Every structure is written in structure tokens, then in C-alpha cells.
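To keep things clear, I will list the structure first and then write my remarks on it.
All values derive from a computational prediction rather than experimental measurement.
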Amino acid sequence: MAGAHELCAPAFCVCRMSKPIIGLTRDSDGSPKSTDDRFVFYSQSVERAGGTPRSIFFRDCLEDVEKELDQVDGILLIGGDDLDPALYGQTWHPKAQPLDPRRQRWELALIAAADRRRMPTLGICLGCQVMNVHRGGSLHQFLPDLPRENPLEHRKVDGVLRRHDVTIDANSRLAREIGKTQVNVNTYHKQAIDRVGRGLVVTARATDGVVEAIEDPSMPLFVGVQWHPERISDEPEHLAIFRMLVEATAR
Ligand SMILES: [Mn+2]
């Protein structure tokens with residue numbers, strides 16, 4: 001009889017006896033009409049890093065966040081549209097693309113519960129912003145409006161995929177895990193962290209000063225990045241971010 005590993009695609013399968021289960025948020029309530037076709041990048045990156053991805057679709061019963069967390073070892077908050085700025089005392093910017101309010105409620109409940117449990121948590125793009133706003137921080141809603149020296153374009157404009165360099169604090173968890181303090185990243189965001197939430201520190205900035213990563217050094221793992229490592233996890237520096245999450249669940 002064939003071993004289970006012979007059924008796996010060798011490029012991705014690491015065939016560990018016991019792989020940590022990583023709960024991934026979805027830009028979907030699971031209904032057939034919803035489209036979160038970018039999800040595969042996140043789930044594939046978690047698998048490459050040695051984890052088993054498990055979808056967490058948003059829904060209305062917020063008590064269910066505890067049931068979902070009972071079944072995972074760590075969570076990954078994925079990207080998406082924009083949080084309601086009322087959460088940090090502002091009104092909508094005209095260029096904002098509002099996040100589904102049901103997803104927003106669900107993710108804020110999920111991050112609150114995961115934070116209470118000190119569960120290893122990674123946030124990407126919107127996920128990083130959710131972590132900051134959950135801790136009482138605020139966002140810049142539209143980076144082109146932010147006065148700064150030598151501004152970079154952080155958005156994908158006219159279909160052009162841009163990249164820029166970030167400098168990572170050498171003392172951060174992120175730098176230790178990646179093994180570098182200078183990394184080239186992709187960039188798809190129009191918002192970024194402004195006021196930093198309770199217990200969080202900025203650990204990476206772009207060359208124009210825009211915040212690109214945060215973490216809470218007092219937690220087992222509580223890291224957010226503003227770029228999209230799931231799209232470039234064939235590059236070791238970016239795969240290392242998913243490994244950091246998977247390995248934190250074993251500590
Ligand atoms: Mn950027």
C-alpha cells in the first residue's frame with residue numbers, strides 16, 4: 001500500500017507527522033456567489049511553510065469565534081478592503097473601499113479572542129491594520145494625501161505591480177526570523193498605520209517612512225506586515241514570514 005506521502009505533490013508537501021493547523025480568515029461568508037480567488041496564495045504559502053491551512057469564513061454569530069479558535073494552533077488575518085474609520089474616530093475618505101461590515105465585526109471579535117488567548121497571530125495588509133485598530137491605533141486612509149519626503153507609490157496603479165525596499169529593526173522578531181534588515185517587498189496598499197496601538201512597536205518602514213510592519217514583543221507571536229508575502233513566498237525572505245507563524249505554534 002502506498003504511503004500517504006506518495007499522494008502529495010512533492011514540491012509543497014513537507015509530510016510531517018503532525019502539522020500545525022493555521023486558521024485563515026476569508027473575504028467570504030462561504031456563499032457560492034462570493035469571490036475570494038486571492039485566497040489560494042495565502043493557503044499555499046501556509047502549506048509551503050509546513051502548516052495545514054483551515055478556512056475561517058466570516059459569519060454573524062460572534063460567539064463562534066471561540067469555537068473556531070479551539071480548532072486551530074495559530075491564525076492568519078488576510079488582506080481585504082478598508083476598515084470603517086469610525087473605529088478610530090474619522091469619517092470615510094472618498095477613495096475608501098468599505099470592507100463588508102459583517103466581515104469587519106467578525107474579524108474584530110476573532111482578533112480580540114485570539115489576543116486574549118495569546119495565540120500566535122500573523123496579519124497581512126488589512127490583517128495588519130485590523131491588529132492595530134483592535135489595539136486602539138489609527139490608520140492613514142489614503143497615502144497619496146500624506147505629506148512626506150520622497151513619497152513612494154504604494155498602490156497598484158494602472159495594473160503596474162510595484163516593489164520597494166523596507167528597513168527592518170534589527171531587534172525585531174521579524175528581522176530575526178527573516179535573517180535580514182533590508183528586504184524588497186511588493187506593495188498593494190493605499191492605507192497604512194498612523195497611531196500605533198497599545199503594546200505594539202513599528203518594526204519596518206519603507207524609504208518614505210510609511211509603516212510596513214508592527215509587532216507586540218510581549219506576545220508569543222503578534223506580527224503584522226503591510227506587504228503581501230503570500231504572493232512572493234517562492235522568495236526565502238517572504239516564506240520565512242509564514243514559517244515564523246507555523247513554528248510559533250510549536251513553542
Ligand atoms: Mn508599501
Side-chain angles (χ1 to χ4, degrees), residues 16-84 87 98-137 197-200 214-216 218-225 228-230 233 241-251:
R16 293 188 185 171
M17 289 298 285
S18 168
K19 295 193 286 187
I21 298 172
I22 305 298
L24 282 76
T25 56
R26 300 287 303 250
D27 192 34
S28 168
D29 58 4
S31 60
K33 65 179 189 327
S34 68
T35 56
D36 61 340
D37 51 2
R38 292 163 294 184
F39 180 73
V40 65
F41 293 107
Y42 299 99
S43 61
Q44 222 167 51
S45 297
V46 166
E47 197 178 359
R48 277 180 180 161
T52 298
R54 181 189 158 93
S55 286
I56 303 179
F57 294 101
F58 64 78
R59 51 189 188 267
D60 295 319
C61 179
L62 301 184
E63 290 175 12
D64 280 1
V65 297
E66 300 290 351
K67 290 180 197 162
E68 292 289 346
L69 292 179
D70 286 344
Q71 298 181 60
V72 300
D73 302 304
I75 63 167
L76 168 50
L77 303 172
I78 73 165
D81 291 325
D82 302 325
L83 288 171
D84 185 342
L87 292 165
L99 182 66
D100 185 321
R102 295 169 61 219
R103 180 177 168 193
Q104 176 175 294
R105 275 195 301 276
W106 172 261
E107 291 211 8
L108 288 169
L110 188 72
I111 186 61
D115 198 355
R116 270 196 303 276
R117 291 181 184 213
R118 298 174 63 79
M119 180 175 274
T121 300
L122 172 65
I124 291 179
C125 200
L126 167 69
C128 171
Q129 296 165 6
V130 167
M131 292 164 82
N132 187 56
V133 170
H134 152 68
R135 289 287 190 89
R198 289 181 300 278
L200 301 174
I214 50 165
E215 64 189 47
D216 180 342
S218 77
M219 294 283 278
L221 186 80
F222 198 87
V223 171
V225 297
H228 282 276
E230 80 282 3
S233 62
I241 296 168
F242 297 95
R243 287 224 170 98
M244 168 178 72
L245 174 60
V246 169
E247 285 164 14
T249 64
R251 287 179 189 175

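- Scanning for salt bridge (charged side-chain N to carboxylate O under 4.0 Å, His left out) contacts around Arg116 gives Glu66, with sequence neighbours left out.
- Here the straight-line distance linking atom CG of Leu122 with atom CD of Glu215 works out to 11.0 Å at 0.5 Å rounding.
- Without hydrogens or angle criteria, Tyr42 side chain to Thr25 main chain gives no donor-acceptor distance under 3.5 Å.
- Under a 3.5 Å cut-off, the side chain of Arg54 and the backbone N or O of Gly23 do not form any donor-acceptor pair.
- The shortest distance between side-chain heavy atoms of Ser55 and Phe39 falls below 4.5 Å.
- For Asp64, the salt bridge (charged side-chain N to carboxylate O under 4.0 Å, His left out) partners are Arg59, Lys67, not counting sequence neighbours.
- For residues 72-82, the pairs satisfying side chain to side chain donor-acceptor pair (under 3.5 Å) are Asp82-Lys190, with sequence neighbours left out.
- Under the 4.5 Å side-chain criterion, counting only non-hydrogen atoms from C-beta, Phe58 is not in contact with Leu110.
- With sequence neighbours excluded, the residues that form a side-chain contact (heavy atoms from CB on, under 4.5 Å) with Asp60 are Arg102, Arg105.
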Exercise for the section: Give the intermediate values and the outcome of side chain to side chain contact (heavy atoms under 4.5 Å, CB included) for residues Gln104 and Leu87. Expected result: CA-CA 10 Å; Gln104 176 175 294; Leu87 292 165; 3.5 Å; yes

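- With sequence neighbours left out, the side chain to side chain donor-acceptor pair (under 3.5 Å) criterion links Ser233 to Ser45, Arg48.
- The shortest distance between side-chain heavy atoms of Leu77 and Leu126 does not fall below 4.5 Å.
- Put simply, OG1 on Thr121 and CG on Leu221 are 7.0 Å apart, with the number rounded to the nearest 0.5 Å.
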Practice task
Take Trp106 and Asp29 through the test side chain to side chain contact (heavy atoms under 4.5 Å, CB included) and record every step on the way to the result.
Solution key: CA-CA 10 Å; Trp106 172 261; Asp29 58 4; over 6 Å; no

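- Rounding to the nearest 0.5 Å gives a distance of 12.0 Å between CG of Asp115 and CZ of Arg117.
- Evaluation of the salt bridge (charged side-chain N to carboxylate O under 4.0 Å, His left out) rule for Arg26 yields Asp36 as partners, not counting sequence neighbours.
- Arg118 meets the side-chain contact (heavy atoms from CB on, under 4.5 Å) test with Met219, Pro220; sequence neighbours excluded.
- Thr52 is linked by a side chain to side chain donor-acceptor pair (under 3.5 Å) to nothing, counting only residues two or more places apart in sequence or in another chain.
- Residues Val133 and Val130 have side chains not in contact (no heavy-atom distance under 4.5 Å, counting atoms from C-beta outward).
- Contact annotation: the side chain of Asp84 never approaches that of Pro98 to less than 4.5 Å [non-hydrogen atoms, C-beta and beyond].
- Between the CZ atom in Arg38 and the CG atom in Asp27 there is a gap of 6.0 Å [rounded to 0.5 Å].
- Here the side chains of Ile78 and Ile124 are not in contact, with every heavy-atom distance at 4.5 Å or above.
- In terms of the side chain to side chain donor-acceptor pair (under 3.5 Å) criterion, Ser43 has no residue partners (sequence neighbours excluded).
- In this structure, Glu63 has no side chain to side chain donor-acceptor pair (under 3.5 Å) partners at least two apart in sequence or on a different chain.
- A search for side-chain contact (heavy atoms from CB on, under 4.5 Å) contacts involving Ser218 returns Asp216, not counting sequence neighbours.
- For Glu107, the salt bridge (charged side-chain N to carboxylate O under 4.0 Å, His left out) criterion is met by Arg103, not counting sequence neighbours.
- To the nearest 0.5 Å, atom CE of residue Met119 and atom CD1 of residue Ile75 are 7.0 Å apart.
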